[in-house]
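Shown next, in C-alpha coordinates, is the structure this report addresses.
Indexing begins at 1, ligand by ligand and atom by atom, following the structure's order. FYI, side chains are in, hydrogens and waters are out, and symmetry mates aren't considered; it's all heavy atoms of this structure.
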Amino acid sequence: MTFAADENLKQGAEVITDWPLPPGVLLEFAPSGWVLLNREGTILLVNSEVERLFGYTRDELRGATVELLVPERLREVHVKHRDAFYANPTRRPMGLGMSLQARRKDGSEFLVEISLSPVEVKEGFFLLAAIRDVTERKRLEDERNRLAVELETEQERDRIGMDLHDGIMQELYAVGLTLELALEDIATSEEDAASGVERAIDQVHDVIRNIRSYIFDLRPRQFSGTLSSALLDLAREFQQNTQIDTESFVSDDLPEVAMDAAIAIYHITHEALSNIQKHAHAGQVSLGAVLIDDKLVVEVTDNGRGFDPSASRSQAHRGLRNISNRARSNGLFVDVHSTPGKGTRIRLELPLT
Ligand SMILES: Nc1ncnc2c1ncn2[C@@H]1O[C@H](COP(=O)(O)OP(=O)(O)O)[C@@H](O)[C@H]1O
Ligand SMILES: [Mg+2]
(Lines give C-alpha, C1' and ligand atoms only; values in the text may rest on other atoms or scores of the structure.)
(Ligands and ions follow the chains in the order given, each with its own letter.)
Protein backbone atom coordinates (compact mmCIF):
# COMPACT_ATOMS: atom_id res chain seq x y z
CA MET A 1 0.00 0.00 0.00
CA THR A 2 1.32 3.44 -0.84
CA PHE A 3 0.06 6.74 0.42
CA ALA A 4 0.11 8.73 -2.75
CA ALA A 5 -0.96 11.99 -1.22
CA ASP A 6 0.15 12.75 2.29
CA GLU A 7 -3.02 14.73 2.94
CA ASN A 8 -4.85 11.45 2.70
CA LEU A 9 -2.98 9.95 5.57
CA LYS A 10 -4.52 12.50 7.87
CA GLN A 11 -7.96 12.10 6.42
CA GLY A 12 -8.25 8.37 6.75
CA ALA A 13 -6.14 7.66 3.66
CA GLU A 14 -8.76 8.25 1.04
CA VAL A 15 -6.49 7.53 -1.89
CA ILE A 16 -8.79 6.20 -4.56
CA THR A 17 -11.72 8.54 -4.69
CA ASP A 18 -14.04 6.50 -6.89
CA TRP A 19 -13.62 3.38 -4.80
CA PRO A 20 -16.61 2.79 -2.50
CA LEU A 21 -14.49 2.05 0.55
CA PRO A 22 -11.69 4.38 1.58
CA PRO A 23 -8.42 2.51 2.37
CA GLY A 24 -8.70 3.66 5.96
CA VAL A 25 -11.84 1.51 6.25
CA LEU A 26 -10.11 -1.45 4.64
CA LEU A 27 -7.27 -1.10 7.11
CA GLU A 28 -9.72 -0.92 9.97
CA PHE A 29 -11.28 -4.25 9.07
CA ALA A 30 -8.15 -5.99 7.76
CA PRO A 31 -7.55 -9.51 9.08
CA SER A 32 -4.15 -8.53 10.45
CA GLY A 33 -3.41 -5.96 13.06
CA TRP A 34 -2.02 -2.67 11.75
CA VAL A 35 -0.07 -0.18 13.80
CA LEU A 36 1.23 3.16 12.53
CA LEU A 37 4.23 4.49 14.44
CA ASN A 38 6.26 7.66 14.23
CA ARG A 39 10.03 7.77 14.31
CA GLU A 40 10.09 7.77 18.10
CA GLY A 41 8.09 4.55 18.20
CA THR A 42 4.93 6.30 19.39
CA ILE A 43 1.72 4.62 18.32
CA LEU A 44 -0.39 6.93 16.15
CA LEU A 45 -3.05 4.64 14.72
CA VAL A 46 -4.19 1.06 15.25
CA ASN A 47 -6.99 -0.95 13.70
CA SER A 48 -9.62 -3.04 15.48
CA GLU A 49 -7.65 -6.27 15.08
CA VAL A 50 -4.87 -4.78 17.23
CA GLU A 51 -7.40 -4.02 19.96
CA ARG A 52 -8.64 -7.59 19.73
CA LEU A 53 -5.16 -9.18 19.71
CA PHE A 54 -3.70 -7.18 22.56
CA GLY A 55 -6.73 -6.39 24.73
CA TYR A 56 -6.10 -2.63 24.79
CA THR A 57 -8.54 -0.02 23.51
CA ARG A 58 -7.22 2.29 20.84
CA ASP A 59 -7.34 5.18 23.26
CA GLU A 60 -4.98 3.32 25.56
CA LEU A 61 -2.62 2.57 22.71
CA ARG A 62 -2.54 5.92 20.97
CA GLY A 63 0.42 7.93 22.28
CA ALA A 64 2.08 4.96 23.99
CA THR A 65 5.41 3.63 22.73
CA VAL A 66 5.18 0.43 20.78
CA GLU A 67 7.25 -1.41 23.41
CA LEU A 68 4.01 -1.59 25.40
CA LEU A 69 3.19 -4.52 23.09
CA VAL A 70 6.50 -6.29 23.72
CA PRO A 71 7.30 -8.45 26.78
CA GLU A 72 9.22 -6.43 29.37
CA ARG A 73 12.40 -8.49 29.14
CA LEU A 74 12.63 -7.83 25.39
CA ARG A 75 11.87 -4.12 25.41
CA GLU A 76 15.43 -2.86 25.54
CA VAL A 77 16.56 -4.96 22.60
CA HIS A 78 13.40 -4.04 20.71
CA VAL A 79 14.26 -0.35 20.98
CA LYS A 80 17.71 -1.15 19.54
CA HIS A 81 16.19 -3.06 16.65
CA ARG A 82 13.80 -0.22 16.01
CA ASP A 83 16.67 2.28 15.87
CA ALA A 84 18.55 -0.02 13.50
CA PHE A 85 15.50 -0.22 11.27
CA TYR A 86 15.15 3.56 11.11
CA ALA A 87 18.81 3.80 10.16
CA ASN A 88 18.13 1.61 7.14
CA PRO A 89 14.41 1.56 6.49
CA THR A 90 13.33 -1.04 3.96
CA ARG A 91 10.14 -2.95 3.56
CA ARG A 92 10.64 -6.29 5.24
CA PRO A 93 9.19 -9.07 7.25
CA MET A 94 10.47 -9.06 10.79
CA GLY A 95 11.70 -12.24 12.34
CA LEU A 96 11.45 -14.09 9.06
CA GLY A 97 11.08 -17.79 9.76
CA MET A 98 10.86 -17.27 13.48
CA SER A 99 8.15 -16.15 15.77
CA LEU A 100 8.32 -13.08 17.89
CA GLN A 101 6.88 -12.68 21.34
CA ALA A 102 4.15 -10.14 21.91
CA ARG A 103 2.50 -9.10 25.15
CA ARG A 104 -1.19 -8.55 25.83
CA LYS A 105 -2.58 -6.04 28.29
CA ASP A 106 -3.11 -8.80 30.85
CA GLY A 107 0.61 -9.70 30.65
CA SER A 108 0.09 -12.94 28.76
CA GLU A 109 2.34 -13.56 25.78
CA PHE A 110 1.67 -14.88 22.30
CA LEU A 111 3.57 -15.46 19.10
CA VAL A 112 3.30 -13.01 16.23
CA GLU A 113 4.74 -12.45 12.83
CA ILE A 114 5.33 -8.85 11.85
CA SER A 115 6.12 -7.11 8.61
CA LEU A 116 7.23 -3.54 8.39
CA SER A 117 6.76 -0.89 5.74
CA PRO A 118 8.38 2.52 5.95
CA VAL A 119 5.99 5.33 5.03
CA GLU A 120 7.71 8.51 3.90
CA VAL A 121 5.53 11.57 3.52
CA LYS A 122 5.94 15.29 3.75
CA GLU A 123 5.11 15.29 7.46
CA GLY A 124 7.97 12.94 8.11
CA PHE A 125 8.78 9.34 8.43
CA PHE A 126 6.34 6.73 9.70
CA LEU A 127 6.35 3.04 10.07
CA LEU A 128 3.44 0.75 9.31
CA ALA A 129 3.59 -2.61 11.03
CA ALA A 130 1.32 -5.54 10.16
CA ILE A 131 0.92 -8.00 13.01
CA ARG A 132 -0.44 -11.51 12.77
CA ASP A 133 -1.07 -13.97 15.58
CA VAL A 134 0.73 -17.19 14.62
CA THR A 135 0.22 -19.18 17.82
CA GLU A 136 -2.01 -21.73 16.15
CA ARG A 137 0.18 -22.04 13.07
CA LYS A 138 3.22 -22.59 15.27
CA ARG A 139 1.38 -25.23 17.27
CA LEU A 140 0.44 -27.07 14.07
CA GLU A 141 4.02 -26.83 12.81
CA ASP A 142 5.37 -28.24 16.08
CA GLU A 143 2.84 -31.04 15.92
CA ARG A 144 3.77 -31.82 12.32
CA ASN A 145 7.48 -31.91 13.22
CA ARG A 146 6.76 -34.19 16.15
CA LEU A 147 4.83 -36.60 13.93
CA ALA A 148 7.56 -36.54 11.30
CA VAL A 149 10.16 -37.46 13.92
CA GLU A 150 7.91 -40.23 15.22
CA LEU A 151 7.46 -41.63 11.73
CA GLU A 152 11.17 -41.44 11.10
CA THR A 153 11.87 -43.36 14.31
CA GLU A 154 9.34 -46.01 13.35
CA GLN A 155 10.83 -46.44 9.87
CA GLU A 156 14.31 -46.55 11.37
CA ARG A 157 13.21 -49.34 13.69
CA ASP A 158 11.87 -51.34 10.75
CA ARG A 159 15.08 -50.85 8.85
CA ILE A 160 17.21 -51.98 11.80
CA GLY A 161 15.05 -55.08 12.27
CA MET A 162 15.48 -55.96 8.61
CA ASP A 163 19.21 -55.24 8.62
CA LEU A 164 19.70 -57.45 11.67
CA HIS A 165 17.71 -60.24 10.10
CA ASP A 166 19.10 -60.08 6.59
CA GLY A 167 22.58 -58.97 7.51
CA ILE A 168 23.91 -60.18 10.79
CA MET A 169 21.79 -63.31 11.13
CA GLN A 170 22.86 -64.42 7.65
CA GLU A 171 26.49 -63.79 8.44
CA LEU A 172 26.33 -65.79 11.67
CA TYR A 173 24.57 -68.57 9.83
CA ALA A 174 27.46 -68.64 7.33
CA VAL A 175 30.01 -68.85 10.17
CA GLY A 176 28.10 -71.82 11.56
CA LEU A 177 28.20 -73.58 8.18
CA THR A 178 31.93 -72.96 7.75
CA LEU A 179 32.61 -74.42 11.19
CA GLU A 180 30.40 -77.44 10.51
CA LEU A 181 32.33 -78.17 7.32
CA ALA A 182 35.62 -77.75 9.17
CA LEU A 183 34.44 -80.24 11.76
CA GLU A 184 33.72 -82.78 9.03
CA ASP A 185 37.17 -82.13 7.54
CA ILE A 186 39.01 -82.93 10.78
CA ALA A 187 38.80 -86.70 10.15
CA THR A 188 40.09 -86.49 6.55
CA SER A 189 42.32 -83.43 6.29
CA GLU A 190 43.56 -81.39 9.20
CA GLU A 191 44.82 -78.79 6.73
CA ASP A 192 41.36 -78.26 5.23
CA ALA A 193 39.87 -78.14 8.71
CA ALA A 194 42.40 -75.51 9.82
CA SER A 195 41.74 -73.31 6.79
CA GLY A 196 37.99 -73.67 7.42
CA VAL A 197 38.48 -72.46 10.98
CA GLU A 198 40.58 -69.55 9.73
CA ARG A 199 37.82 -68.59 7.34
CA ALA A 200 35.33 -68.73 10.18
CA ILE A 201 37.54 -66.45 12.26
CA ASP A 202 37.62 -63.90 9.43
CA GLN A 203 33.86 -64.12 9.11
CA VAL A 204 33.44 -63.51 12.83
CA HIS A 205 35.62 -60.40 12.53
CA ASP A 206 33.38 -59.16 9.75
CA VAL A 207 30.34 -59.78 11.90
CA ILE A 208 31.92 -57.84 14.74
CA ARG A 209 32.66 -54.94 12.40
CA ASN A 210 29.10 -54.93 11.16
CA ILE A 211 27.68 -55.05 14.66
CA ARG A 212 29.91 -52.12 15.58
CA SER A 213 28.52 -50.23 12.64
CA TYR A 214 24.96 -50.91 13.80
CA ILE A 215 25.86 -49.74 17.27
CA PHE A 216 27.27 -46.52 15.86
CA ASP A 217 24.10 -46.14 13.81
CA LEU A 218 21.93 -46.70 16.84
CA ARG A 219 23.76 -44.47 19.26
CA PRO A 220 21.42 -42.10 21.11
CA ARG A 221 20.57 -39.07 19.02
CA GLN A 222 20.62 -36.79 22.01
CA PHE A 223 23.73 -35.61 23.72
CA SER A 224 24.58 -34.13 27.06
CA GLY A 225 27.29 -31.56 27.67
CA THR A 226 28.45 -29.13 25.03
CA LEU A 227 28.20 -29.51 21.28
CA SER A 228 32.02 -29.45 21.02
CA SER A 229 32.50 -32.36 23.38
CA ALA A 230 29.63 -34.29 21.75
CA LEU A 231 31.24 -33.87 18.31
CA LEU A 232 34.64 -34.96 19.61
CA ASP A 233 33.06 -38.03 21.24
CA LEU A 234 31.33 -38.86 17.98
CA ALA A 235 34.60 -38.66 16.04
CA ARG A 236 36.37 -40.78 18.63
CA GLU A 237 33.67 -43.42 18.60
CA PHE A 238 33.64 -43.43 14.81
CA GLN A 239 37.38 -44.01 14.73
CA GLN A 240 37.13 -46.86 17.25
CA ASN A 241 34.32 -48.59 15.39
CA THR A 242 35.65 -48.24 11.90
CA GLN A 243 39.40 -48.15 12.46
CA ILE A 244 39.41 -45.39 9.82
CA ASP A 245 42.00 -42.73 10.49
CA THR A 246 39.86 -39.86 11.84
CA GLU A 247 41.15 -36.41 12.52
CA SER A 248 39.01 -33.97 14.44
CA PHE A 249 39.41 -30.29 14.93
CA VAL A 250 36.83 -28.64 17.13
CA SER A 251 37.70 -25.21 18.53
CA ASP A 252 37.22 -25.05 22.24
CA ASP A 253 35.74 -21.57 22.12
CA LEU A 254 32.66 -22.45 20.05
CA PRO A 255 29.79 -20.16 21.07
CA GLU A 256 26.64 -21.48 22.64
CA VAL A 257 24.07 -22.15 19.95
CA ALA A 258 20.33 -22.77 20.29
CA MET A 259 19.59 -26.30 21.46
CA ASP A 260 17.59 -27.17 18.33
CA ALA A 261 20.41 -26.11 16.04
CA ALA A 262 22.98 -27.96 18.17
CA ILE A 263 20.93 -31.16 18.01
CA ALA A 264 20.52 -30.76 14.24
CA ILE A 265 24.28 -30.32 13.80
CA TYR A 266 24.89 -33.39 15.89
CA HIS A 267 22.39 -35.52 13.92
CA ILE A 268 23.73 -34.39 10.58
CA THR A 269 27.33 -35.08 11.61
CA HIS A 270 26.26 -38.49 12.79
CA GLU A 271 24.50 -39.26 9.50
CA ALA A 272 27.50 -38.04 7.52
CA LEU A 273 29.83 -40.34 9.50
CA SER A 274 27.37 -43.21 9.22
CA ASN A 275 27.35 -42.78 5.45
CA ILE A 276 31.14 -42.77 5.34
CA GLN A 277 31.17 -46.00 7.30
CA LYS A 278 28.61 -47.61 5.02
CA HIS A 279 29.43 -46.27 1.60
CA ALA A 280 32.68 -44.37 1.32
CA HIS A 281 35.47 -46.96 1.65
CA ALA A 282 37.53 -44.09 2.95
CA GLY A 283 41.00 -44.24 4.44
CA GLN A 284 40.87 -40.82 6.02
CA VAL A 285 38.11 -38.78 7.59
CA SER A 286 38.15 -35.36 9.14
CA LEU A 287 35.62 -33.57 11.31
CA GLY A 288 36.00 -29.86 11.92
CA ALA A 289 33.90 -27.31 13.81
CA VAL A 290 35.15 -23.74 13.83
CA LEU A 291 33.95 -20.17 13.96
CA ILE A 292 34.45 -18.24 10.70
CA ASP A 293 33.11 -14.69 10.35
CA ASP A 294 30.19 -14.98 12.76
CA LYS A 295 29.29 -18.39 11.40
CA LEU A 296 29.70 -21.75 13.01
CA VAL A 297 31.07 -24.02 10.30
CA VAL A 298 31.03 -27.79 10.68
CA GLU A 299 32.63 -30.01 8.04
CA VAL A 300 32.83 -33.75 7.63
CA THR A 301 35.20 -34.83 4.89
CA ASP A 302 36.27 -38.22 3.61
CA ASN A 303 38.66 -39.33 0.89
CA GLY A 304 36.47 -42.24 -0.17
CA ARG A 305 34.88 -43.15 -3.42
CA GLY A 306 32.44 -40.24 -3.60
CA PHE A 307 29.10 -40.22 -5.39
CA ASP A 308 26.85 -38.00 -7.44
CA PRO A 309 24.80 -35.91 -4.98
CA SER A 310 22.42 -34.76 -7.72
CA ALA A 311 21.34 -38.32 -8.61
CA SER A 312 17.76 -39.10 -7.61
CA ARG A 313 17.41 -41.64 -4.86
CA SER A 314 14.68 -44.06 -3.89
CA GLN A 315 12.58 -43.63 -0.77
CA ALA A 316 14.77 -46.21 0.94
CA HIS A 317 17.66 -43.74 1.07
CA ARG A 318 16.57 -41.02 3.41
CA GLY A 319 19.81 -40.00 5.05
CA LEU A 320 20.75 -37.16 2.71
CA ARG A 321 17.17 -35.99 2.43
CA ASN A 322 16.91 -35.89 6.21
CA ILE A 323 20.11 -33.91 6.32
CA SER A 324 18.68 -31.17 4.09
CA ASN A 325 15.31 -31.12 5.80
CA ARG A 326 16.81 -30.97 9.24
CA ALA A 327 19.25 -28.26 8.20
CA ARG A 328 16.52 -26.17 6.61
CA SER A 329 14.19 -26.34 9.55
CA ASN A 330 16.95 -25.31 11.96
CA GLY A 331 18.38 -22.32 10.13
CA LEU A 332 21.48 -24.16 8.86
CA PHE A 333 22.93 -24.01 5.38
CA VAL A 334 24.16 -27.33 4.12
CA ASP A 335 26.35 -28.13 1.14
CA VAL A 336 27.05 -31.69 0.03
CA HIS A 337 30.03 -31.76 -2.26
CA SER A 338 31.18 -35.06 -3.68
CA THR A 339 33.30 -36.18 -6.58
CA PRO A 340 33.21 -39.81 -7.64
CA GLY A 341 36.63 -41.28 -6.93
CA LYS A 342 37.76 -38.34 -4.85
CA GLY A 343 35.63 -38.17 -1.74
CA THR A 344 32.85 -36.25 -0.08
CA ARG A 345 32.53 -33.12 2.00
CA ILE A 346 29.46 -32.10 3.95
CA ARG A 347 29.60 -28.53 5.14
CA LEU A 348 27.16 -26.93 7.56
CA GLU A 349 26.94 -23.25 8.31
CA LEU A 350 25.03 -21.70 11.16
CA PRO A 351 24.87 -17.88 11.04
CA LEU A 352 25.22 -16.56 14.57
CA THR A 353 23.85 -13.07 14.15
N1 LIG B 1 30.35 -40.28 2.14
C2 LIG B 1 29.83 -40.98 1.11
N3 LIG B 1 30.67 -41.64 0.24
C4 LIG B 1 30.17 -42.32 -0.81
N5 LIG B 1 28.87 -42.42 -1.08
C6 LIG B 1 28.00 -41.82 -0.27
C7 LIG B 1 28.41 -41.06 0.86
N8 LIG B 1 27.34 -40.56 1.47
C9 LIG B 1 26.27 -40.97 0.75
N10 LIG B 1 26.64 -41.73 -0.29
C11 LIG B 1 25.79 -42.30 -1.35
O12 LIG B 1 24.55 -41.66 -1.33
C13 LIG B 1 23.51 -42.59 -1.12
C14 LIG B 1 22.40 -42.00 -0.30
O15 LIG B 1 22.76 -41.81 1.05
P16 LIG B 1 21.64 -41.75 2.14
O17 LIG B 1 20.60 -40.80 1.65
O18 LIG B 1 22.26 -41.44 3.45
O19 LIG B 1 20.98 -43.19 2.14
P20 LIG B 1 21.55 -44.57 2.70
O21 LIG B 1 22.71 -44.28 3.60
O22 LIG B 1 20.39 -45.15 3.42
O23 LIG B 1 21.94 -45.37 1.47
C24 LIG B 1 24.16 -43.79 -0.51
O25 LIG B 1 23.44 -44.95 -0.79
C26 LIG B 1 25.53 -43.76 -1.15
O27 LIG B 1 25.48 -44.35 -2.42
MG1 LIG C 1 22.74 -42.85 5.05
Would you say CD of E76 has more than 12 non-hydrogen atoms from neighbouring residues, nucleotides or ligands within 6.0 angstrom? no
Relative to atom 27 (O) of ligand 1, which among R345, R318, H279, K278 owns the nearest non-hydrogen atom? H279
Students often mix this up, so state it plainly: with edges at 30° and 60°, are the rings of Y86 and F125 parallel, tilted or perpendicular? perpendicular
Over 12 non-hydrogen atoms of neighbours within 6.0 angstrom of NE2 in H337: no
Candidates K138, R139, R144 - the one meeting side-chain hydrogen bond (donor to acceptor under 3.5 Å, both in side chains) with D142: K138
Those atoms of ligand 1 less than 4.0 Å from some heavy atom in H317: 17 (O), 19 (O), 20 (P), 22 (O), 23 (O), 25 (O)
Hey, which atoms in ligand 1 end up nearer than 4.0 Å to a heavy atom of R313? 12 (O), 13 (C), 14 (C)
For atom 17 (O) of ligand 1, what is the nearest protein heavy atom, given as residue, atom name and distance? L320 N, 2.8 Å
What residue and heavy atom of the protein are closest to atom 1 (N) of ligand 1, and at what distance? D302 OD2, 3.0 Å
So if I apply the salt bridge (Lys or Arg N to Asp or Glu O under 4.0 Å) rule between E109 and each of R103, R104, R73, which one comes out positive? R73
What's the shortest distance from atom 2 (C) of ligand 1 to any protein heavy atom, and which residue and atom give it? T344 OG1, 3.7 Å
I need the nearest protein heavy-atom contact for atom 5 (N) of ligand 1: residue, atom name and distance, please. F307 CD2, 3.3 Å
Judged by non-hydrogen atoms, does G304 sit under 4.0 Å from ligand 1? no
Quick one: do the D59 and T57 side chains pair a donor with an acceptor below 3.5 Å? no
Apex the Mg ion (ligand 2) - arms OD1 from N275 and OE2 from E271 - angle rounded to 10°: 90°
In terms of atom number and element, which parts of ligand 1 are under 4.0 angstrom from non-hydrogen atoms of E271? 18 (O)
Give the numbers and elements of all ligand 1 atoms closer than 4.0 Å to a heavy atom of I276. 1 (N)
Short N or O distance, G319 and ligand 1, threshold 3.5 Å exclusive: yes
Give a yes or no on whether E191 atom CD has more than 12 heavy-atom contacts from other residues, nucleotides or ligands under 6.0 Å away. no
Pairing donors with acceptors under 3.5 angstrom, does anything connect the side chains of S195 and E198? no
Report the nearest protein non-hydrogen atom to atom 8 (N) of ligand 1: residue, atom name, distance rounded to 0.1 Å. N275 CB, 3.4 Å
State, without any angle test, whether N210 and E171 hold a side-chain donor-acceptor pair at a distance under 3.5 Å. yes
